[in-house]
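Data block below; observations after.
These figures come from a predicted structure and were not determined experimentally. Here is how names work: the chains are called A, B, and so on, in the same order as the sequence lines, proteins then strands, and each is numbered from 1.
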There are 2 protein chains.
Amino acid sequence: MNTCQYLEKEHGFEVTYLPVDGEGLIRPQDLAASLRPDTILVSLMFANNEIGTVEPIEELGALCREKGVLFHTDAVQAAGKVPFDVKSWPVDMLSISGHKLCAPKGMGALYIRRGTRLHPLLQGGSHEKNRRAGTENVAGAVALGTACELAGKETKAEEARVRALRDRLEKGLLDRIPFVRINGSVSRRLSNTLNLSFECVEGESLVLALDQAGFTLHRADLPGIAASTGSACASGILEPSHVLAAIGVPPQLVHGSVRFSLGHFNTEADVDVALDVVPAVVERLRTLSPLWEDKLASSPPLPQAS
Amino acid sequence: MNTCQYLEKEHGFEVTYLPVDGEGLIRPQDLAASLRPDTILVSLMFANNEIGTVEPIEELGALCREKGVLFHTDAVQAAGKVPFDVKSWPVDMLSISGHKLCAPKGMGALYIRRGTRLHPLLQGGSHEKNRRAGTENVAGAVALGTACELAGKETKAEEARVRALRDRLEKGLLDRIPFVRINGSVSRRLSNTLNLSFECVEGESLVLALDQAGFTLHRADLPGIAASTGSACASGILEPSHVLAAIGVPPQLVHGSVRFSLGHFNTEADVDVALDVVPAVVERLRTLSPLWEDKLASSPPLPQAS
């Protein structure tokens, strides 16, 4: 049960779910049309964690402010990847999570604009201004604060550096592998995210085969490549990604979708390895697929770049 | 608002508060008489955090089990100070907190007997078997696990060592300072806790004066002594301790009460310092108190041991 389902079922709130377009973007007119006189809160992701689509948060927040509706955005995936200044934004609350900023796991922060009144999340003590009872994770808080400081200084340069790596990885994979498509927005996307659908490949198998690339390709020298299907929050659940379904990716392609995320510790050399390994692994899996022969017979791929 | 008040006010539960005797002990017959056909949970402290009274948890838990009522105990203050084996006990749930075991702050654990069904505390993800959504504090969990392992090996010896230190501190202070009484149970008390009421002394002033003992006594060589009034959960609130009130300590003595807690890092030398400093600081504060002269006039202290 996710938070919205919980609020609906246990507390009787009515939740309106907004649709997204084919790139995962929320249309401001959809938000405007959905606001009701009794709407108390709008909560939207700043950037999606599976496809990296970056929502027009300033515009969406301004719409809410105009109507006097509290606005929260989940910036967990965006913080440290897109520079932003929350105080200059029409945002009442904004969440971040430490482990996405290279701080330790288990620590997050909720920015709350002064004057925003919240019901306590955890009861029992007066910690954190009566909002979250319990002895605080002091070391985690210090680490998250330091990570935010560093992110404030480094995100702009880091975004450009990672974007160049990602773009090279993207172009290289598209050049080398036929029948692949990019999921999400090409123009409004986190610099580190690359979500690809490979026809005639099962995403879960690809993730495993990439992790053990040396074994898959009978080449002991190869390192493993960490990729993922879906999101960590739903790992272990073999349901197709609701994100990819929402942007209209056909079911058979949803199952063949894998996310490559780059980060602070990735280098050009890592991209070189991925451009060597991923095409070979995809080819290996496709030769094992009963669907692949039919695919090749019905629509031979265009000649590849190299 | 504490957890019980919250459950009463926001969720309509009826909570029965059990009285304690003059040592802070719950009488099993009071618990037995309070159980109703619709009682779903009994939650009792294993050891009190202000006076150190150790409740007869096995007996109280057995009473609940007999009646088929779930039993939870808050062992935060006891864990690492009293050896116990939760699995051999009639306890369905037991809470501990990392920082009381020298693990980092912000990490706790709830032992849940297999088969005990709980409503999720935090909604939104399937973490921790759907009981507490959110990315886990992995480093904290590992640290708490290690601290528990060490406590399992060391608590028995450590309890005896700390008890000897505490008993020497207690005897020394009672020998050197007139008009002092011990709060809590002398026979069933955590080995590390000493809660004393000093007549004609304001507890908060004593805590400050002990912290700055060198300043208080015009002796730059003296280290500070960390003591406390009330509990950390209610620090900053200048209300008299509800624990001391519950065991019948008269209001004027509640205000003169201070807790000395010993721990893993304390030594004989620390006790020597405290036996040197505390009596001098108490005497200094008393000479400043308008009540002290009257007290001495009406009931001169018995001759002291040394």
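Within residues 97-107 of chain A, the residues having any heavy atom under 4.5 Å from a heavy atom of chain B are, by residue number, A/His99, A/Lys105, A/Gly106. Close approach to chain B, defined as a heavy atom under 4.5 Å from one of its heavy atoms, is seen in A/Tyr6, A/Glu10 of residues 6-14 of chain A, taken by number.
Chain B forms the most heavy-atom pairs under 4.5 Å with one residue out of A/Thr3, A/Thr135, A/Leu121, A/Asn2, and that residue is A/Thr135.
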